[in-house]
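These notes are about the structure you will find just below.
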Amino acid sequence: MFIDNLATLTPKEEDIFNLYVQGCSTKDIISQLGITENTLKYHNKNIYSKLGVKTRKELLQYIELMRNAEH
């Protein structure tokens with residue numbers, strides 16, 4: 001479900017997801033995209049819902065699994 005639903009992310013959600021993949025922190029993402037913390041929380045909520053995760057920690061665990069699967 002996680003991998004299949006990556007295609008459902010909006011361009012902004014995809015930008016945020018890719019920054020998480022690159023290892024960026026919440027503060028890094030806010031700074032790089034020029035958005036507020038509340039805007040990031042809004043996008044995170046949508047990303048979590050679409051990808052079937054409940055927390056940022058769980059999202060990062062899936063990202064780590066993706067990285068390991070690529071190698």
Side-chain angles (χ1 to χ4, degrees):
M1 176 183 169
F2 184 86
I3 301 286
D4 293 340
N5 287 342
L6 286 175
T8 67
L9 298 180
T10 66
K12 183 60 76 177
E13 291 166 356
E14 197 172 319
D15 290 344
I16 292 167
F17 177 81
N18 287 332
L19 289 170
Y20 280 128
V21 170
Q22 293 171 29
C24 292
S25 69
T26 299
K27 287 182 182 180
D28 293 337
I29 293 170
I30 289 168
S31 173
Q32 284 190 38
L33 297 180
I35 59 176
T36 66
E37 186 175 348
N38 283 338
T39 300
L40 181 59
K41 286 179 183 179
Y42 171 80
H43 287 301
N44 281 345
K45 185 175 146 249
N46 291 334
I47 292 168
Y48 301 165
S49 176
K50 290 178 181 181
L51 300 182
V53 299
K54 293 182 176 40
T55 63
R56 189 168 75 93
K57 182 178 179 182
E58 191 176 352
L59 177 69
L60 296 176
Q61 288 171 336
Y62 274 101
I63 289 170
E64 191 60 32
L65 289 172
M66 272 178 33
R67 282 191 191 126
N68 292 338
E70 291 173 358
H71 298 305

Side chains of D28 and S31: do they bring a donor and an acceptor to under 3.5 Å?
no

Once side-chain contact (heavy atoms from CB on, under 4.5 Å) is applied, do any residues pair with L40, and if so which ones, sequence neighbours excluded?
I16, Y20, T26, I29, I30, I35, N44

Heavy-atom donor-acceptor pair, N5 side chain to L51 backbone, under 3.5 Å:
no

Tell me, yes or no, whether the heavy-atom count around E58 atom CD, taken from other residues, nucleotides or ligands under 6.0 Å, exceeds 12.
yes

Could you give the distance from CD (Q32) to CG (L19), rounded to the nearest 0.5 Å?
5.0 Å

Applying salt bridge (charged side-chain N to carboxylate O under 4.0 Å, His left out), name anything that partners E64, two or more places apart in sequence or on another chain.
R67

Kindly compute the distance separating CD (E37) from NZ (K41), expressed to the nearest 0.5 Å.
4.5 Å

Which of parallel (below 30°), tilted (30 to 60°) and perpendicular (above 60°) describes Y62 and F2?
parallel

Sub-3.5 Å donor-acceptor pair from the side chain of E13 to the main-chain atoms of T10, do we have one?
yes

Listed partners of D4 passing side-chain contact (heavy atoms from CB on, under 4.5 Å), at least two apart
none

List in chain and number order the residues that pass salt bridge (charged side-chain N to carboxylate O under 4.0 Å, His left out) with K12, two or more places apart in sequence or in another chain; answer none if no residue qualifies.
none

Once side-chain hydrogen bond (donor to acceptor under 3.5 Å, both in side chains) is applied, do any residues pair with T8, and if so which ones, sequence neighbours excluded?
none

So, taking the atom named CG in L9 and the one named CG in N46, what distance separates them when rounded to the nearest 0.5 Å?
9.5 Å

Ring pair (Phe, Tyr, Trp, His ring centres under 6.0 Å): which pairs involve residues 25-55, sequence neighbours left out?
none

